[in-house]
Structure formats: C-alpha cells, structure tokens
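The structure appears right after this line, and notes come after that.
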Amino acid sequence: MTLAQTLARFAAGPATGDARMRSFVRLSLFDWATVGLAGRQEPVARAARAMARDSAAAAGGATLIGGGRAPAAAAALANGAVSHALDYDDTHFGHIGHPSVAVIPAALAAAETAQAGAAEFLDAVAVGLETACRIGAWLGRPHYEAGFHQTGTSGAFGATAAAARIWGLDAATMAEALCLTATRAAGLKSQFGTMGKPLNAGFAAEVGVTSALLARAGATSAPEAIEGAQGFGPTHAGSAEGAALDGLGTDWVFPGISYKFHACCHGLHAMLEAVRILRAEGLRPEEVTQLTIRTHPRWLAVCNLPEPATGLQAKFSYRLAAAMMLAGVDTAALDVYSEETCARADLCALRDRVVVAPDSSLSDSEARVSVTTRDGIREAHHDILAAGDPESLAPRLRAKSATLLGAGPAEDLWTVVAALGEGEPTLAALAQRMGGGQGPR
C-alpha cells in the first residue's frame, strides 16, 4: 500500500480514538477556540477575514471567527490564520508544529457546509489531528531544519483527512485527496516574525478543504505523490521515518500535545514551569541571590535576549520572563509583555540576578532552574513533554481562557465544548460563539 492509502484507510475507517484521545480533542478544541477569539483583532486576522468576506459567499457557507460567513475554503483559510495570529496555540513536538490551527478550521468549515453533527465533527478532528502528527513525524526534523514549517506542510494533510471524512469520502477517494495535498502543502520558516507565519496555518486548512472537494468531484493524482521518487517527502527533505506510522489507529500519539500557558516563546515554557514550581513551594523574590537557568543550547539563539526593551522582546527573554514569574506577574496575559514591564525597577533587579547556561544533557523541551538563597540552593526541573492528564490540564486551560476572554465568555465556551456531541448543544452553538465571540478584554 502507498502511504496515502495507509493514511486514508485509517482516516476513513471507524477509528475515532480512545477515551484519552477524545479528552485531548476537547481540550485542544477549547484552546483553539480561545486563542482564535483572542486573536480576532490582530492585523493578519482582519486581513484574512476581509479576504474571505470578499469571496463569492454562497448560502450555507461557513462561520468566520469574529463575524461573517464565507465559502468553506475561504473560511478555513481565514480561521486558520486567525487562530494562529497570537502564536498561543498547542504544539506537538513529534509533529514539530501546531496541528490544531490547521485541522480544526478545515473540519469546522466542512462540517458546517455539510450540516454534519457534533459527533461527526469531533471524529473528523480526531483523525485529522492524528494524521497531521503522523505525517509530521514521518517527515521528521530534517524537513523542519531545511526550512519548512510543519504547521503548513504536515498540517495540510491532517486538514485534508478531517475535511474528507466530514464529506464521507471512502478510503480510495480520500487517498486521492491526500495525494492532491502533496502538490499543494507548503509553509516556510522564513515567514516567522511576519503575517506569513499564521497564514501558513490558514493555507494548510484551505488546502485540506480544497483537496477534499476536488477528490470528491473526481480529481485524481499520482498514487505515490507523498513518498515517491519525486514526491513530497523526497523533494522536501523528509526523513521517511517508517516507524512514524506504527500503531496507526490503535495507539494515538496526539495526546502528547503540549499546551501554551504563557504568552511567550515556547522555548521559555519549561523554565517558567520550573520557576512556577519553586513559587508554589514558597520561594519569594527577596530571597533570591542568584537564579540559574539551564536549557538546551538550541534555545540560546532564539529566546535569550538579556535586557529586553519592548513587549515583543520580552517574549524572547529567559532573564526577564523568569523575573516576571518569580514576581507573580501573570505570564498568560497578553498585555504584560510591554515596555512598561521591561522597565519596571523591581523586575530589572531580579532579571540581573538571573544567569542562563547551556546544557546539552537536556532535551529542547526541558529546563532546570537552581536558585541560590541565604539558606542554600533550591532546584526544580520541568519537561513540557511530560505526559499530562486531562484532569490537571483542564483547569489551567480554563484559567488561560479567562485571562484572554474574561471569566464569563470563557466559562460559556467551556460549557459548550464540554457538552459537544452529547446531544445539546449542537455544533451550531460552537459556530455561533466563534462568529460573535469577544476578543481580548
């Protein structure tokens, strides 16, 4: 069987995930909805929404985050970009990217236009997220290191699987859709720091919808378009990691997802969680003589600005972010990353007692923090890939949502997502929240 046939047999089949997978699908759906609503007024969000509204919208179109409707492909593109505008969405380190912002917009657009039920939608999201993660692992780090943005590339295949499942494509037709995706999936890391990065997520979602629609209409493609001699993998520096598909349909890898609980570079998160542990144990800022952060050397070129002066720079500073967490600043809030925060005398004094050191014995998902006080040394370690359980993650995601949207809208959104597929509310209730919801308070 070709790679496309293997993936299509899974995505079109009965596998919808075990209880753990279903729990993580809901958590990611809630987190996606939160960051999408929070980012709806970002410049790239307004541009993408305007583009979608200018499309020849027809009756029965799909909801746009922030208001309005558009054809499925245009809505998927806009909503993918909007939900990645803040770069605050979930990350899968096996996928090496952000799967939800590519898959969920495609699934929602397809589900609305097909008038699918909530349970069908959740099933499609599950197989789409799993497909994206499996393709991402199959392509591997060489693909990413060559300059490709896996959110846009791997994500497009997951978006196709989700949309194709919604529209009821059989395995053979879905394989054609995945092969068509191979000739359109794209995304470059050179777009990081520009509107092109969130648009990569939008493009992936749009490709998923378009490829599924084309295959449904009878379009065909080269059967080995993914792994063949001039296929997507070989031409895009893919590692063709065969083990990436082991256990497909029985062992679900998506629950290894990592959620962002801090509105800054993901490279800072393990450190922030370690400092959070020490704060929870009673460490106070005035006790700290020196705080040493040990991290994988890869991050030193990414998020180690020693004396940030702007809000954006603050999101890439180990020293200031550590000081913020130690001082009790809510690092989940968007507005705390500001020039005012960078200039706060108490935070600068703490920042100057922070030392950052490379440690190649740590993975790029780990950090170790050592704090010297008058009474001795205290240490904490955190790995953001450490398996989390839905019960412990849910309260933190709800707190994040409340910070971004306000307590009332966050609680309402949680109620809708938690009950989705269990009778009432319907999928229309979620779409209504996304179309008319509030942005950051």
Side-chain angles (χ1 to χ4, degrees), residues 1-16 52 55-62 69-80 102-117 120-121 123-132 134-135 138 152-186 202-236 248-249:
M1 294 180 69
T2 66
L3 186 58
Q5 289 172 329
T6 299
L7 291 168
R9 185 173 64 174
F10 156 71
T16 56
S55 301
R69 299 183 73 80
L77 193 161
N79 291 342
V103 172
I104 296 176
L108 182 59
E112 284 195 88
T113 56
Q115 297 184 326
E120 296 171 274
F121 166 71
D123 284 349
V125 170
V127 299
L129 294 172
E130 187 72 7
T131 298
R134 297 294 187 141
I135 280 283
W138 182 82
T153 58
S154 309
F157 291 98
T160 299
R165 184 182 178 94
I166 289 286
W167 280 311
L169 274 60
D170 61 24
T173 310
M174 188 180 291
E176 298 289 1
L178 291 167
C179 288
L180 289 170
T181 300
T183 204
R184 284 208 60 205
F203 293 149
E206 178 272 321
V207 166
V209 169
T210 301
S211 296
L213 286 173
L214 284 168
R216 188 176 70 163
T220 60
S221 181
E224 295 186 352
I226 301 176
E227 79 277 24
Q230 291 187 312
F232 186 82
T235 59
H236 288 69
L248 181 65

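For clarity, every value in this text was computed on a predicted model and none was experimentally measured.
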Practice problem: Evaluate salt bridge (charged side-chain N to carboxylate O under 4.0 Å, His left out) for Arg165 paired with Glu120, printing each intermediate quantity in order. | Solution: CA-CA 9 Å; Arg165 184 182 178 94; Glu120 296 171 274; over 6 Å; no
Please tabulate, for side-chain N and O atoms in residues 211-223, each donor-acceptor pair with protein atoms closer than 3.5 Å (sequence neighbours left out).
residue, atom, partner, partner atom, Å
Ser211, OG, Thr181, OG1, 3.2
Ser211, OG, Val207, O, 3.0
Ser221, OG, Cys179, O, 3.4

Self-check item: Neighbour count above 12 (heavy atom, 6.0 Å) for Arg9 CZ
Solution: no
Quiz item: What's the verdict on side chain to side chain contact (heavy atoms under 4.5 Å, CB included) for Phe232 and Thr153, showing C-alpha distance, side-chain angles and the deciding distance?
Solution: CA-CA 10 Å; Phe232 186 82; Thr153 58; 3.8 Å; yes
Quiz item: Are Val209 and Trp167 close enough, and set up right, to give a side chain to side chain contact (heavy atoms under 4.5 Å, CB included), and what steps lead you there?
Solution: CA-CA 10 Å; Val209 169; Trp167 280 311; 3.8 Å; yes
Quiz item: Partners of Glu130 by side chain to side chain donor-acceptor pair (under 3.5 Å), sequence neighbours excluded?
Solution: Arg134
Quiz item: For the atom pair CZ (Arg69) and OG1 (Thr113), what is the distance rounded to the nearest 0.5 Å?
Solution: 9.5 Å
Quiz item: Which atom names give the shortest non-hydrogen contact between Thr131 and Ala11, and what distance separates them?
Solution: OG1-CB, 4.4 Å
Quiz prompt | Exercise: identify the closest heavy-atom pair between Ala159 and Ala102 | solution = CB-O, 3.5 Å
Exercise. Considering non-hydrogen atoms only, spot the tightest contact between Val127 and Phe10 and give its length.
Key: O-CE2, 3.8 Å
Exercise. Applying side chain to side chain contact (heavy atoms under 4.5 Å, CB included), run through Leu248 and Leu7 and close with a yes or a no.
Key: CA-CA 8 Å; Leu248 181 65; Leu7 291 168; 4.0 Å; yes
Quiz item: CD/Glu176 to CD/Gln5 distance, rounded to the nearest 0.5 angstrom?
Solution: 9.0 Å
Quiz prompt | Which atom of Ala204 lies closest to which atom of Gly152, heavy atoms considered | solution = CB-O, 3.5 Å
Quiz item: Which atoms form the tightest heavy-atom contact between Leu178 and Ala8, and what is the distance?
Solution: CD1-N, 3.9 Å
Quiz item: Is the side chain of Glu227 donor-acceptor paired with the backbone N or O of Leu3 at a distance under 3.5 Å, no angle test?
Solution: yes
Practice problem: Mind listing the closest non-hydrogen atom pair of Ala106 and Ala163 along with its distance? | Solution: O-CB, 4.4 Å
